[in-house]
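Just so we're on the same page: letters track the sequence lines, and every chain starts at 1. Just so you know, these numbers come straight off a predicted model, no measurement behind them.
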Amino acid sequence: MTLTIYNTLTRSKEIFEPLEPGKVRMYCCGITAYDYCHLGHGRTCIVWDVVRRYLEWRGYQVKYVQNFTDIDDKILKRASAEGTSMAEVSERFIAAYFEDMERLNVRPADSYPRATQTLDGIKRLVYELEQKGYAYASQGDVYYSVGNFADYGKLSGKKLEDLQAGASGRVEVENPESQKKQDPFDFALWKGAKPGEPAWESSWGAGRPGWHIECSAMVREHLGETIDFHMGGGDLIFPHHENEIAQSEAVTGKPLANYWLHNGMVMVEGEKMSKSLGNFVTIRDALKQYNPMAVRLFVLQAQYRKPLDFTSEALVAATNGWKTLKEGLLFGYGRAINNKWEDNSPSPNPRTPPTPLGGGPPPQPIPWRNNFGKRWMRILTLLGV
RNA sequence: GGCGGCAUAGCCAAGUGGUAAGGCAGGGGCCUGCAAAGCCUUUAUCCCCAGUUCGAAUCUGGGUGCCGCCUCCA
């Protein structure tokens, strides 16, 4: 059976062909650790968790990497507001991330690289970009020159001319930061240190990495020059993922990822969730009111690329749905064990049993042998029960 | 304004040429001393217009609407 997926890069559904037979390398752009995770982060993590589980269930050996951005202006801003350090803030919210995701039954990735742990790789990439003529130093910063990368815009379907024309009215000419750039769409690879901010030594002087470069460096370090899946929220397509492609492919000359997958955004009561609208819902706040598995079911009932409206009515519906489903699953679980069903079908491959619902007894091998068992396993797999 | 995506009942969603699955919510009913649970039953012509076809939610063309991105964002 072939697996077909929508690839943002080609704007079409394609048949999945792994780079290496039987193996999948996937990278998901994670969070910037400056606040508690909201429902949008929750959706992203749940959706890609299911893809990962599904691929494993299909028998692929999956390596799943997700990053934490722990160097960033917003983290610094929060640290200075609290009178603490950047590390203190990011540590706290990374810990909170793991708490939230565990409650949502999101399985941990295989590794969680952080920007602060990837400085060597980042500096090497910036250096190589500079050597190849894609980057230039400017007053302590280093910028990527988008005009030198012929494929710039291929992921988001934007042309540099259109971008420049569309932005002509809003590029802040007075901003001293933008005056360091040769082109308004050039972006920072390395930012020179400001007084009192954390900084790392480099050949361009003390400073810190820009946002986009860390992902290019981490993918290269943990998964290789080309990977199968690169995922993230749809709002990352431009500029973040576009810039990652520009950085990585300029250096390696190879595709960064064969398939680019993006999930839809979360709305709240019909409006886009944003801090300015004040309808920003954190995962932990939502879980005070709703069962985590009901939230998970709600997210998974919707098509992953569509916008998802978080309404109390929809959550009540999902809560009821989960209640019914859970009873059925518990019934099936007991029945499978009582009947001593065994897995003797050739495919898909046997797998480790799911974690029991809400704690419960230790997992036992899940036996199944007929269509009922297969379907049931599929439901368990997809829900991540 | 530019680029991209989506459009089936209150919400989610199956369905890829033959007269619209299912779930949740809502209405009606059964059961019960009451309640809960459970059970039964009920709710759409598929955004609009034109075309292709014996026949279209499913194909073609044109509209409309919604969403995202174009600035930090999952």
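At the heavy-atom level, A:Gly233 lies under 4.0 Å from the strands shown only through sugar-phosphate atoms. Within 4.0 Å of A:His38, counting heavy atoms only, lies at least one base atom of the nucleic acid. Using a 4.0 Å heavy-atom criterion, one finds that A:Val47 contacts no nucleic acid atom at all. Looking at heavy-atom distances under 4.0 Å, A:Tyr6 makes contact with sugar-phosphate atoms alone, never a base. Heavy atoms of A:Gly264 sit under 4.0 angstrom from at least one base atom.
Comparing atom distances between the A:Asp235 side chain and each of B:C3, B:G5, B:A74 picks out B:A74 as nearest. The nucleotide whose nearest atom lies closest to any side-chain atom of A:Lys74 is, among B:C70, B:G5, B:C72, B:C72. Comparing atom distances between the A:Phe238 side chain and each of B:G5, B:C69, B:A13 picks out B:C69 as nearest. Listed nucleotides B:A74, B:A13, B:G2 differ in distance to A:Lys158; the shortest reach to its side chain belongs to B:G2. The listed nucleotides are B:C69, B:A74, B:C24; the one nearest the side chain of A:Val266 is B:A74. The listed nucleotides are B:A13, B:A74, B:G10; the one nearest the side chain of A:Ala302 is B:A13.
Here B:G18 sits opposite B:C54 as a Watson-Crick or G-U wobble pair (both hydrogen-bonding atom distances under 3.5 Å). Both distances falling under 3.5 Å, in either a Watson-Crick or a G-U wobble arrangement, place B:C47 opposite B:G63. Pair assignment for B:C69: B:G2, on the basis of Watson-Crick or G-U wobble contacts that are both within less than 3.5 Å. Across all strands shown, B:G29 is found opposite B:C39 as a Watson-Crick or G-U wobble partner, with both distances under 3.5 Å.
The side chain of A:Asn320 places no N or O atom within less than 4.0 Å of a non-bridging phosphate oxygen (OP1 or OP2) of B:G23. At B:G68, none of the side-chain N or O atoms of A:Lys306 fall inside 4.0 Å of OP1 or OP2 (strictly under the cut-off).
For the pair A:Ile237 CD1 and B:G68 P, the computed distance is 13 Å after rounding to whole Å. Between the CE atom of A:Met267 and the C1' atom of B:C11 there is a distance of 14 Å, given to the nearest Å. Rounded to an integer number of Å, the gap from CG of A:Leu104 to P of B:A74 is 16 Å. Distance NE2 (A:His262) to P (B:C70): 13 Å, rounded to an integer number of Å. Atom CG in A:Asp186 sits about 13 Å away from atom P in B:U71, given to the nearest Å. Between the CE atom of A:Met265 and the C1' atom of B:C66 there is a distance of 16 Å, rounded to whole Å. What separates NZ of A:Lys159 from C1' of B:C69 is a distance of 16 Å, to the nearest Å. Straight-line distance from the CZ atom of A:Phe298 to the C1' atom of B:G23: 14 Å, rounded to whole Å.
A:Tyr54 and A:Trp57 have tilted rings, their planes meeting at an angle from 30° to 60° on a 0 to 90° scale. In this structure, A:His240 and A:His212 have tilted ring planes: the angle between them lies in the 30° to 60° band.
Both A:Thr311 and A:Ala318 lie close to RNA chain B; mapped to their nearest nucleotides by heavy-atom distance, the more 5′-ward contact belongs to A:Thr311.
In summary, A:Arg103 and A:Asp100 do not engage in a salt bridge, as defined by a charged side-chain N under 4.0 Å from a carboxylate O. Taking 4.0 Å as the cut-off between side-chain N and carboxylate O, A:Lys194 and A:Asp73 do not count as a salt-bridged pair.
For the pair A:Thr311 (side chain) and A:Ala314 (backbone), a donor-acceptor distance under 3.5 Å is present.
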Problem set entry | Residues A:Glu225, A:Thr252; criterion side-chain hydrogen bond (donor to acceptor under 3.5 Å, both in side chains); working and verdict | CA-CA 7 Å; A:Glu225 293 187 330; A:Thr252 65; 5.2 Å; no

